[in-house]
Every structure is written in structure tokens, then in C-alpha cells.
Amino acid sequence: MGLVSAVRILDKATSQPRSRFNLGSATTIRRSPGRTQLATIRIRIPSVKSQPNRVELVASVGVRGVTGIAQVLFRIFRDGREIYNTLQGIESSGSEQNYIVTFQAIDRNVKSGSHVYTVTAENQTANTKAVIVGPISFSGLAVKTRS
């Protein structure tokens with residue numbers, strides 16, 4: 001017999017602003033310090049008794065390289081405050097041009113209340129261009145943990 005995990009689901013949310021790859025609706029990723037907002041979800045932590053907890057966040061973003069090798073910084077914010085980031089190089093020629101960038105973040109011991117999570121992208125490399133071509137999905141699962 002296996003161990004039973006002692007977690008209780010508090011809330012979950014999903015957003016899928018783009019459900020497929022589409023070059024015709026490509027959106028240019030803004031240059032830093034500008035940001036391109038990709039998706040937003042709202043997670044509710046019901047009460048103080050919901051401690052300890054964790055919010056598991058997963059994002060997938062379809063990106064295409066257009067010019068040069070763009071260094072795209074993806075960020076996740078909770079209520080406007082950055083809680084996670086990752087950097088991905090996106091090539092434009094000589095190799096693959098289309099990418100699905102997937103990343104996961106864990107936000108621990110979130111206070112009770114309603115929280116807005118946002119995922120963004122920004123291009124950190126001058127004289128390069130990368131675009132969002134889809135799909136885009138963003139999901140969050142809040143669970144109460146034992147410790």
C-alpha cells in the first residue's frame with residue numbers, strides 16, 4: 001500500500017487566451033523594460049486555516065524567432081509583485097524558429113484572500129525580434145499542505 005498525500009485542494013484556475021499556433025495573429029514581444037502580458041488567473045486562498053499551502057503554476061507559450069537570437073524573459077507576478085522568472089533563447093534562422101516554452105513555479109504559504117497571477121514576456125536583446133504565435137495556457141492549483 002502506498003502513502004496517501006495529505007493535501008487538500010483550495011482553488012484552481014486556468015486561462016487559455018490562445019488555443020493554437022497562428023502566424024497570422026503574431027504579437028511582438030516588447031523590449032525590456034517593456035513587457036507583453038500573456039495571461040492572468042485569479043486564485044483564492046479561503047482563510048488563515050489554509051496555511052501551510054502552495055500554489056502550483058504552469059505556463060506554456062508558443063513563441064517564434066523572427067530576427068537574431070532573442071533572449072526572452074518570462075515572469076510570473078502575484079498581485080503585481082514578481083515571484084518567478086526564467087530566460088529562454090529564441091533562434092530565428094539556421095535552426096528551429098517555433099518553440100513551446102513551458103515552465104512551472106511554486107508559490108508557498110500565500111496569505112488568505114484573492115490573488116491575481118500574471119505571466120509576461122519581454123525581449124532583453126537589442127536588434128532581435130520574437131513574437132507570440134500561440135498557443136498560450138496558464139494554470140494554477142492551490143493546495144493546503146501538511147507542513
Minimum-distance pair of heavy atoms, taken over all atoms of V133 and A26: CG1-CB, 4.0 Å

Same cluster (ILVMFWY, side-chain, under 4.5 Å), V101 and I76: yes

Donor-acceptor check, side chain of Y99 to backbone of G65, threshold 3.5 angstrom: yes or no? no

Please report the shortest heavy-atom distance between V72 and A130, naming the atom on each side. CG2-CB, 4.2 Å

Side-chain donor-acceptor contact under 3.5 Å, T128 with N123: yes

Validation row: Q88, F74 side chains within 4.5 angstrom (heavy atoms): yes

Do any pairs count as a salt bridge (Lys or Arg N to Asp or Glu O under 4.0 Å) and have a residue in residues 69-83, sequence neighbours left out, and if so which ones? R75-E82, R75-E122, R78-D107

Please walk me through it: do S114 and R42 pass side chain to side chain donor-acceptor pair (under 3.5 Å)? CA-CA 7 Å; S114 183; R42 182 177 298 275; 3.0 Å; yes

Heavy-atom side-chain proximity of K129 to S92 below 4.5 angstrom: no

Would a 4.5 Å heavy-atom cut-off, applied to side chains only, mark R8 and L10 as touching? yes

A39: which residues meet the side chain to side chain contact (heavy atoms under 4.5 Å, CB included) condition with it, sequence neighbours left out? S15, P17, V119, I136, F138

Tell me, do S60 and S137 make a side-chain contact under 4.5 Å, heavy atoms counted? yes

Can you find a pair of side-chain heavy atoms, one from N53 and one from I45, that are under 4.5 Å apart? yes

Side-chain (S32) to main-chain (G34) donor-acceptor, under 3.5 angstrom: no

State, yes or no, whether a side-chain contact exists between T36 and L38 at a heavy-atom distance under 4.5 Å. yes

Within the structure provided, determine whether I29 and V63 are in side-chain contact (heavy-atom separation under 4.5 Å). yes

Surrounding CD1 of I9 (heavy atoms of other residues, nucleotides or ligands, distance under 6.0 Å), is the total greater than 12? no

CD (Q37) and CD1 (I132) are apart, to the nearest 0.5 Å, by 12.0 Å

R31 side chain vs Q124 backbone, donor-acceptor pair below 3.5 Å: yes

Restricting to non-hydrogen atoms, name the atom on T125 and the atom on Q71 that form the minimum distance, rounded to 0.1 Å. OG1-N, 3.1 Å

Is the ring pair Y84/F103 parallel, tilted or perpendicular, if the boundaries are 30 and 60 degrees? parallel

What I want to check is whether the side chains of R18 and T27 have a donor and an acceptor closer together than 3.5 Å. yes

Where I41 and G140 come nearest, the two heavy atoms and their spacing: CD1-N, 3.5 Å

So how far is it from D11 CG to R44 CZ, rounded to the nearest 0.5 Å? 7.0 Å

In the structure I gave you, are the side-chain heavy atoms of E56 and V143 within less than 4.5 Å of one another anywhere? yes

Output for pair (K111 NZ, S50 OG), nearest 0.5 Å, gives 14.0 Å

Going through the checks in order, is the side chain to side chain contact (heavy atoms under 4.5 Å, CB included) test met by L87 and N85? CA-CA 7 Å; L87 188 65; N85 72 56; over 6 Å; no

What residues form a side chain to side chain contact (heavy atoms under 4.5 Å, CB included) with T14, not counting sequence neighbours? S139

Nearest 0.5 Å, what's the CD1-NE2 distance between I83 and H115? 10.5 Å

